[in-house]
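Throughout, protein chains are lettered first and strands after them, A, B, ... in sequence-line order, and every chain is numbered starting at 1.
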Amino acid sequence: MTAIMLRADQPFDLDRTLSCGQAFRWEKADGRWQGVVDGRAVRIRQDAEALTFAGADERFIRDYFRLDQDLPAVLSSIDRDPAIGAAIRECRGLRLVRQPPWECLISYLCATNTNIPAVKRRVALMAERYGRRIDGPFETAYAFPEPEALAKVSCADLWDCKLGYRTDYVRDAAAYASEHPDWAERVAALPFEEARRALMEFRGVGPKAADCVLLFAFGFFEAFPVDVWIRRIVAETYLPDLTGRSCTPAEYERIRRFARDYFGEYAGYAQEYLYCARGPARHTE
DNA sequence: TGCCAGGGTTCTA
DNA sequence: TAGAACCATGGC
């Protein structure tokens, strides 16, 4: 086991960070989190300012959890009103992790019109069946399958991973990514709006999924994904003239541009804090 | 049992 | 171009 002593002036809340719904491969048992990230089976726990972990080195842990990002400065920049202020107080220490782009893309392809437990199940099934088995600090861990591995899977077998109508989207993305292994590097090198358009070239990736991948994998912090929860919060707090229940493309565009102008370059952090602090109907872990 | 969920695509007017 | 229909599944 390796330990990091966190700086008192740089808050970090492991529980908030891993339970807020941004990543789908972590589970908590006996006070410890275990998950699979980028081919590593990682076990980690937090006791106050001590972060103890196995399965990865300190550099990887710092990079994945963005421990070197100045979180107080980020939160100060988005703390614009009592609503986001309350979310910041409730969830202080939540950090946006740096997810592997390929896994993040497929995870959010699987996250359309569904709930978080179902997404976790789909991702876990794909990993168990088509991912590489990993030795680590806990038993039977599987890496998320590489594009080449998923591209070879039959439609029926992928369907059996509970993907439903998303099956063809995953197969198409796997075929493309295996033929263009530099796809993520090319997206990362683009300006934000161009990167967004590039991600939406994948069939099954619309504005919401693209914004999630930009935020959670590529570190475009101005991305502001609008799901049903965020739309509800924005309508109640910031844009009361929003009508109806569905989010039309024009409305999505209006909300994300409002958020970028209002919260600034770290609007994505505001989104995640509002999402994490949302009301009592939250999902179960 | 019905509604809802980290939506997107396709069809139609 | 906007709105409606449709899509599979699982939690509650």
Parallel, tilted or perpendicular, as decided by the 30° and 60° cut-offs, for the rings of A:Trp26 and A:Tyr64: tilted

Provide a list of protein-nucleic acid N or O atom pairs under 3.5 angstrom, restricted to nucleotides 10-13 of chain B.
none

Pairwise ring pair (Phe, Tyr, Trp, His ring centres under 6.0 Å) hits with a residue in residues 71-98 of chain A, at least two apart: none

Donor + acceptor pair across side chains of A:Tyr262, A:Asp81 (<3.5 Å): yes

Partner residues of A:Tyr176 under the ring-ring contact (aromatic ring centres under 6.0 Å, His included) criterion, sequence neighbours left out: A:His180, A:Phe202

Nucleic acid footprint by protein, nucleotides 4-9 of chain C - heavy-atom cut-off 4.0 Å, B for base, S for sugar-phosphate alone: ---BBS

A:Asp168: partners by side-chain hydrogen bond (donor to acceptor under 3.5 Å, both in side chains), with sequence neighbours left out: none

Qualifying ring pair (Phe, Tyr, Trp, His ring centres under 6.0 Å) pairs, either residue in residues 105-136 of chain A, two or more places apart: A:Phe24-A:Tyr108, A:Tyr108-A:Phe216

Integer-rounded Å distance: B:dG7 C1' and A:Ile116 CD1: 14 Å

P gap between B:dC11 and C:dA8, integer Å: 14 Å

Which residue lies more 5' along DNA chain B, comparing A:Val205 with A:Asp227 via nearest heavy atoms: A:Asp227

Rounded distance (Å) that lies between atom P of B:dG8 and atom CD of A:Glu201: 15 Å

Polar contact flag, side-chain donor to acceptor under 3.5 angstrom, A:Asp70-A:Gln10: yes

Distance-only donor-acceptor check, side chains A:Tyr169 and A:Thr112, under 3.5 Å: no

Rounded distance (Å) that lies between atom P of B:dC4 and atom CZ of A:Arg278: 16 Å

Sugar-phosphate only, base, or nothing, as touched by A:Phe216 at under 4.0 Å among non-hydrogen atoms: base

